[in-house]
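Numbering of ligands and ligand atoms starts at 1, following listing order.
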Amino acid sequence: MTDLLIDTSERVLTITFNRVDKKNSFTQAMYADMARQLTAAQTDDAVRVVVFQGHPLVFSSGNDVADFLSAPPVSEDAPVFQFMQALNRFTKPLVAAVAGPAVGIGTTLLFHCDLVYAGDNAAFAMPFVNLGVCPEAASSLLAPQRMGYGRAAEALLLGEPFLAEAALDMGLVSRIVPPTEVNALAQRQAQKLATKPLASLLATKQLMKQGQADLVAQRMAEEAALFRRMLGEPAAQEAFQAFMAKRKPDFSAL
Ligand code: COA
């Protein structure tokens with residue numbers, strides 16, 4: 001079974017996370033494939049919209065923690081960073097359907113999506129501090145912008161999760177539906193987008209993003225440099241080993 005299901009129909013490219021036994025955590029191979037898909041879709045006239053979706057019980061639990069231990073992204077062009085930069089540079093509409101947990105990049109990728117629909121079981125979390133690392137995917141810039149500083153601080157400093165209603169309230173998601181309906185809703189909305197004139201979609205998205213792409217790219221690079229360094233430090237190593245051993249991390253000496 002492949003970890004990503006890729007489908008194009010009626011000008012909508014759908015990327016379905018399909019690693020449910022590992023809560024749809026992302027491996028390096030998945031990032032590389034998603035980066036390739038976005039880069040190809042950017043110039044493919046047969047694609048006007050991209051949809052990310054998961055399973056009714058889980059969107060994504062973020063980066064594969066075992067991968068962080070065995071094959072950390074040490075170079076600036078590691079697949080995870082290529083995926084983030086591809087997200088930022090993607091000029092066609094991005095739609096996401098989120099049900100269940102959305103952890104780490106499972107949440108931060110949503111800041112780059114134009115339409116996000118949530119199941120009423122969606123739970124968003126950016127627990128980077130609890131993992132001994134720092135924000136990624138420009139979430140240190142985009143979370144305060146989208147959520148306001150206070151709520152971003154609770155999410156990023158405390159690593160506290162927030163639920164679908166809070167995400168709706170802060171404008172991160174556009175609508176909440178039952179978990180089994182969220183993928184279908186995202187598909188319907190994507191199909192609507194796909195019938196609209198592409199030049200108008202591109203112009204409108206570009207105007208709404210207010211020329212932020214360079215700023216976002218720069219922040220992603222700054223975060224990635226810190227993140228790569230912190231991955232090898234004792235706090236992150238303790239956090240990842242604790243997760244794999246299903247115990248609480250002990251930061252008392254750090
Ligand atoms: N990386 C690797 N494996 C993961 C994973 C991740 N990010 N998230 C879950 N898994 C694995 C678990 O190790 C477990 O594997 P096992 O069956 O071989 O023991 C399996 O997926 C089920 O996960 P589990 O934690 O038992 O499910 P749960 O329903 O109790 O909790 C989550 C689900 C998503 C809330 C929880 O797994 C979680 O918080 N994961 C997030 C990990 C994380 O910190 N990600 C951010 C990285 S930046």
inquiry  = Tell me if a side-chain donor or acceptor on Thr14 pairs with a main-chain N or O of Val51 at a distance below 3.5 Å.
reply    = no
Closest approach of any protein heavy atom to [atom], naming residue and atom:
atom	result
atom 43 (C) of ligand 1	Ser61 O, 3.8 Å
atom 2 (C) of ligand 1	Val65 N, 3.4 Å
atom 38 (C) of ligand 1	Phe243 CE1, 4.1 Å
atom 7 (N) of ligand 1	Asn63 O, 3.0 Å

query = In ligand 1, which numbered atoms sit nearer than 4.0 Å to a non-hydrogen atom of Asp21?
reply = 20 (C), 21 (O)
ask   = Which atoms of ligand 1 sit under 4.0 Å from any heavy atom of Leu131?
value = 44 (O), 46 (C), 47 (C), 48 (S)
ask   = Going by heavy atoms in the side chains, are Leu38 and Leu87 under 4.5 Å from each other?
value = yes
task = Give a yes or no on whether the ring-centroid distance for Phe124 and Phe59 is below 6.0 angstrom.
result = no
key: Proximity of Phe68 and Phe227 rings by center, below 6.0 Å   = yes
Between [X] and [Y], does any side-chain N to carboxylate O distance fall below 4.0 Å?
X	Y	result
Arg247	Glu238	yes
Arg89	Asp214	yes
Arg19	Asp64	yes

Side chain, backbone, both or neither: Lys246 near ligand 1, heavy atoms under 4.0 Å = side chain
Part of Asp64 with heavy atoms under 4.0 Å of ligand 1, whether side chain, backbone, both or neither = both
For [atom], is there a protein heavy atom at a distance under 4.0 Å?
atom	result
atom 25 (O) of ligand 1	no
atom 48 (S) of ligand 1	yes
atom 36 (C) of ligand 1	no
atom 32 (C) of ligand 1	no
atom 29 (O) of ligand 1	yes

request  = Scan residues 102-125 for pairs that pass salt bridge (charged side-chain N to carboxylate O under 4.0 Å, His left out), counting only residues two or more places apart or in two chains.
outcome  = Asp114-Lys205
query = Less than 3.5 Å between some nitrogen or oxygen of Pro101 and one of ligand 1, yes or no?
reply = no
remark   = The option among Lys23, Lys22, Glu136 carrying the non-hydrogen atom nearest to atom 17 (O) of ligand 1 is Lys22
inquiry  = What I want to check is whether the side chains of Gln218 and Glu222 have a donor and an acceptor closer together than 3.5 Å.
reply    = yes
inquiry  = Please evaluate residues Phe90 and Lys92 with respect to the criterion side-chain contact (heavy atoms from CB on, under 4.5 Å), reporting the C-alpha separation (whole Å), side-chain torsions for both, the decisive distance (0.1 Å), and the verdict.
reply    = CA-CA 6 Å; Phe90 196 69; Lys92 297 174 182 176; 3.6 Å; yes
